[in-house]
Amino acid sequence: LYLCYGSGGASLTSRYGGGIVVLPMVKVRKRAAEGGDDYPVGLSAVAEVLEKRVDFDSLFQGGSKAAEKIARLSGGCVRHALRLAQLSISEHDTPPVTDASVEIAASILQSEFDRALPEAWIPTLRYVAKENRFPDDLDKDVKADLLAHLYVLEYQNGEPEPWHAVHPLVERCRKYREHSP
């Protein structure tokens, strides 16, 4: 992402050719204008990826439903989905991994976001949550940081223009919830 939104990326592509390929997040929810509800196709896709790595039916209480919940909490970020699964499993010596353990795993990632979240970013995050895009006057370094640190997730899913959403675990952060709009 640093290359995509920085001058370094343009420099590399002009020297060596080709293009910068950004792997967007898997769309697990709809845009705010469409209600922001779950996007079942994307949830199913992330859950399927998880189930290729982890035997949810044997390890998790709720089986595939647990994989779907982790997919939802991850916002479609496969790296976070795998980390949530691993943190959930680490809460137990023996199966089944409970829904409470998935919530503990989510709270661990949420706390990491909350500790590092500058309050100055919250108005931008609220704008992104409502409009699914960044404000036009946003400093490019702030935009790059929000994307690189996954506070904001970028989706494309075959659409001509990417769109953005606040990570679901960031939306659960105390700073985000309590900050006055």
### Query
Is there a donor-acceptor contact under 3.5 Å from the side chain of Arg177 to the main chain of Arg172?
yes

### Task
Compare every heavy atom of Lys143 with every heavy atom of Phe134, then report the nearest pair and how far apart it is.
CD1-CE, 3.5 Å

### Query
Counting only N and O atoms by type, is there a donor-acceptor contact under 3.5 Å from the side chain of Lys175 to the main-chain atoms of Leu117?
yes

### Full working for side-chain contact (heavy atoms from CB on, under 4.5 Å) between Leu87 and Ser90
CA-CA 5 Å; Leu87 288 168; Ser90 294; 5.5 Å; no

### Query
Does a donor on one side chain sit under 3.5 Å from an acceptor on the other, for Tyr127 and Arg133?
yes

#### Entry: Straight-line distance of Leu150 CG to Met25 CE, nearest 0.5 Å
5.0 Å

### Message
Walk me through whether Ser44 and Glu48 qualify under side-chain hydrogen bond (donor to acceptor under 3.5 Å, both in side chains).
### Response
CA-CA 6 Å; Ser44 181; Glu48 187 177 310; 5.1 Å; no

### Query
Quick check: does any side chain N or O of Asp38 sit under 3.5 Å from a backbone N or O of Pro40, one acting as donor and the other as acceptor?
no

#### Entry: Smallest separation among heavy atoms of Tyr176 and Val170, with atom names
CB-O, 3.4 Å

### Query
Does the side-chain contact (heavy atoms from CB on, under 4.5 Å) test come out yes or no for Ile104 and Ser88, once each step is laid out?
CA-CA 7 Å; Ile104 289 169; Ser88 301; over 6 Å; no

### Query
Would you call Lys65-Glu51 a salt bridge at under 4.0 Å N-O?
no

### Summary
CZ (Arg83) and CG (Leu73) are apart, to the nearest 0.5 Å, by 13.5 Å

### Query
So, Ser107 and Glu103: side-chain donor and acceptor under 3.5 Å apart, yes or no?
no

### Query
Roughly how far, to the nearest 0.5 Å, is CG of Leu147 from CG of Leu153?
8.5 Å

### Query
So do Val166 and Arg126 actually touch side chain to side chain, heavy atoms under 4.5 Å?
no

### Task
Kindly assign one of parallel, tilted or perpendicular to the pair His149 and Tyr151, based on the angle between their ring planes and the thresholds 30° and 60°.
perpendicular

### Query
Can you check whether Phe113 and His167 have ring centres sitting under 6.0 Å from each other?
yes

### Query
Closest approach of Tyr155 and Lys27, non-hydrogen atoms and distance?
CD2-CA, 3.5 Å

### Message
Let me confirm one number: the CD1-CG distance from Ile108 to Leu169, rounded to the nearest 0.5 Å.
### Response
11.5 Å

### Query
About how many Å separate CD of Glu68 and CD1 of Ile70, when rounded to the nearest 0.5 Å?
11.0 Å

### Value rounded to 0.5 Å, distance of CG in Leu84 from OG in Ser74
7.0 Å

### Task
Going by the side-chain hydrogen bond (donor to acceptor under 3.5 Å, both in side chains) test, name the single residue among Glu131, Glu154, Arg31 that passes it with His164.
Glu154

### Message
Please give me the minimum heavy-atom distance between Arg174 and Asp114, naming the atom from each residue.
### Response
N-OD2, 3.2 Å

### Task
Apply the test side-chain contact (heavy atoms from CB on, under 4.5 Å) to residues Phe60 and Val54: give CA-CA distance (whole Å), side-chain angles for both, the deciding distance (0.1 Å), then the verdict.
CA-CA 9 Å; Phe60 282 77; Val54 177; 3.9 Å; yes

